[in-house]
Structures are given as C-alpha cells and as structure tokens.
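A quick note: this is a predicted structure, and the numbers were derived from the prediction, not measured. All residue numbers refer to positions in the sequence shown, counting from 1.
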Amino acid sequence: MNQTNNEFLEKMREVIKEELSKIDVRKMSFDRCLNNIIVILENYKTLKQFTAQVENVKFSKEEIDQAKQKEIEKMMKEVFSNKEIYLESLYKKHLQTRLFLNFLEGTFEEYIKETEISMKPKSELKIAILSEVYMEGKEIKQFLYEHNLGYGRTFYYARNELYEELAVRVFGIYALKL
C-alpha cells in the first residue's frame, strides 16, 4: 500500500508540474494589474470622499489633551481596549489611503501632462475620461452624451488604452504586457 501511495503522489507531482508549466505568470501579472487599476479608478472618488470625511473631523484642544493623557496612561498600563485598537486602525487606514491618493494624484497629473504633449490618437479623449469619469465621478452615459460619442465604441477603446497606460505607471514592470 505504501508503494501505491508513492506512485500516486509521484503521478500527482507530474500532473501539477505539467499544469504549472502551462500557466503564463507574466500574463497573470498583467491581467491582475489591469484589474487592479480598473478597481482603483472606479473607487477613486469614494476614496477621496473617505479621506476628506476623516480630515474634516476637528478636535478641540481639550479633546487632544485628553487623548494625549489617555495615550500616556495606555503606555503605562500596556493595555489596549477594543475602541483604542479600532480608532488606531481607522487612523492607519486613513493615512495609508491618503498616501496612496497622493501618489495617484501625482501619477494622474503627470499622465495628463505627458498625454497632452504626446498628441497621440485619442489623447484628449483619454484625458477627458480620466478627469471627468474617474476623478470627477461623471456617469459614463452622461459623458458619452456630452462628447457626442454615440454608442461609445471609441470611448471603450480609449478607456482600455487608458487602463493599460495607467497600470504601468502605478504597478511598474508587473503591468507590462509581455
């Protein structure tokens, strides 16, 4: 029976190796980056609202002093309550989101500058899609109507090119279509 198990395991290893050799890791990275940039662009406006909402919360000097005092007490006791962990986690998420948005804004600005200069086909349309649809949050139907794009075939081609161009800027070499 032990030999049967070994034979079975060896056969499984061969099948797994064969299947793994069929997978193109470079294509997986490209597809993953492309999907990630789509999700990022679709949620950009919401992320901006999240950071603005957290940044608009104002604390009085008394509340800040109380928080500092509690922080000192916490350090002395080395005990964390669930509320403190939750607030700390929320603050970290806010900071990470803000840093990521700053990176995206800089990337978008640089992309717009370079695309305006390049004079490539659909440059103006790609800039309009990025700024109006994703950064401002305009509905696609409204965008198509305002730009007289009819059924939107040109829009979707330009949008897909935009995805590929931005994916490389955000994810680097992993987003290259090799």
Side-chain angles (χ1 to χ4, degrees), residues 24-61 63-65 67-68 71 83-178:
D24 186 357
V25 177
R26 293 175 297 187
K27 176 140 178 47
M28 284 177 41
S29 293
F30 172 75
D31 291 343
R32 185 172 179 203
C33 290
L34 207 57
N35 289 335
N36 287 346
I37 199 69
I38 292 168
V39 171
I40 289 168
L41 287 172
E42 288 175 348
N43 291 291
Y44 178 78
K45 186 88 170 143
T46 307
L47 292 171
K48 291 280 287 182
Q49 291 169 345
F50 167 74
T51 58
Q53 176 185 354
V54 175
E55 287 172 358
N56 287 335
V57 175
K58 303 291 184 209
F59 294 102
S60 69
K61 183 175 179 352
E63 289 172 320
I64 292 171
D65 290 340
K68 285 180 183 176
E71 187 67 26
K83 289 181 183 178
E84 289 170 336
I85 291 171
Y86 175 77
L87 290 174
E88 183 177 319
S89 173
L90 180 65
Y91 182 69
K92 284 180 182 177
K93 287 177 187 173
H94 169 262
L95 286 177
Q96 290 169 341
T97 304
R98 185 74 241 153
L99 289 171
F100 184 64
L101 285 174
N102 287 342
F103 167 73
L104 285 178
E105 288 168 359
T107 302
F108 293 166
E109 288 173 14
E110 191 64 32
Y111 174 80
I112 289 170
K113 284 179 194 174
E114 288 181 19
T115 306
E116 285 175 338
I117 294 170
S118 74
M119 300 300 291
K120 290 181 180 177
K122 295 183 251 161
S123 292
E124 290 179 18
L125 181 57
K126 288 189 275 189
I127 291 170
I129 291 170
L130 176 60
S131 60
E132 292 178 36
V133 174
Y134 293 111
M135 294 174 80
E136 295 173 15
K138 190 178 286 185
E139 292 289 325
I140 292 175
K141 288 180 182 179
Q142 182 183 359
F143 180 85
L144 292 173
Y145 176 76
E146 289 176 1
H147 291 270
N148 297 320
L149 293 173
Y151 292 109
R153 182 176 287 168
T154 305
F155 168 82
Y156 291 106
Y157 285 130
R159 185 185 69 175
N160 290 341
E161 286 179 17
L162 173 70
Y163 289 161
E164 290 182 17
E165 292 169 5
L166 285 176
V168 172
R169 291 172 177 272
V170 174
F171 299 108
I173 193 168
Y174 297 106
L176 290 177
K177 192 174 190 174
L178 301 172

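Rounded to the nearest 0.5 angstrom, Ile127 CD1 and Leu162 CG are separated by 10.0 Å. With values rounded to the nearest 0.5 angstrom, Leu104 atom CG is found 9.0 Å from Leu166 atom CG. The CD atom of Gln142 sits 10.0 Å away from atom CG of Leu144, with the distance rounded to the nearest 0.5 Å. To the nearest 0.5 angstrom, Leu125 atom CG is 6.0 Å from Leu149 atom CG.
Between Lys126 and Glu116 no salt bridge is recorded (no basic side-chain N to carboxylate O distance below 4.0 Å). A salt bridge links Glu161 with Lys122: the distance from a Lys NZ or Arg NE/NH1/NH2 to an Asp or Glu carboxylate oxygen falls below 4.0 Å.
Atom OH of Tyr157 has 12 or fewer heavy atoms from other residues, nucleotides or ligands within 6.0 Å.
Of the possible polar contacts, one joining the Ser123 side chain to the Lys120 backbone as a donor-acceptor pair under 3.5 Å is found.
A side-chain N or O of Arg159 and one of Tyr163 form a donor-acceptor pair less than 3.5 Å apart. Of the N and O atoms on the side chains of Glu42 and Tyr134, not one donor lies less than 3.5 Å from an acceptor on the other residue.
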Evaluation steps, salt bridge (Lys or Arg N to Asp or Glu O under 4.0 Å), between Arg98 and Glu105: CA-CA 10 Å; Arg98 185 74 241 153; Glu105 288 168 359; 3.6 Å; yes
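The two residues His147 and Ala128 come nearest to each other via the heavy atoms CE1-CB, 4.1 Å.
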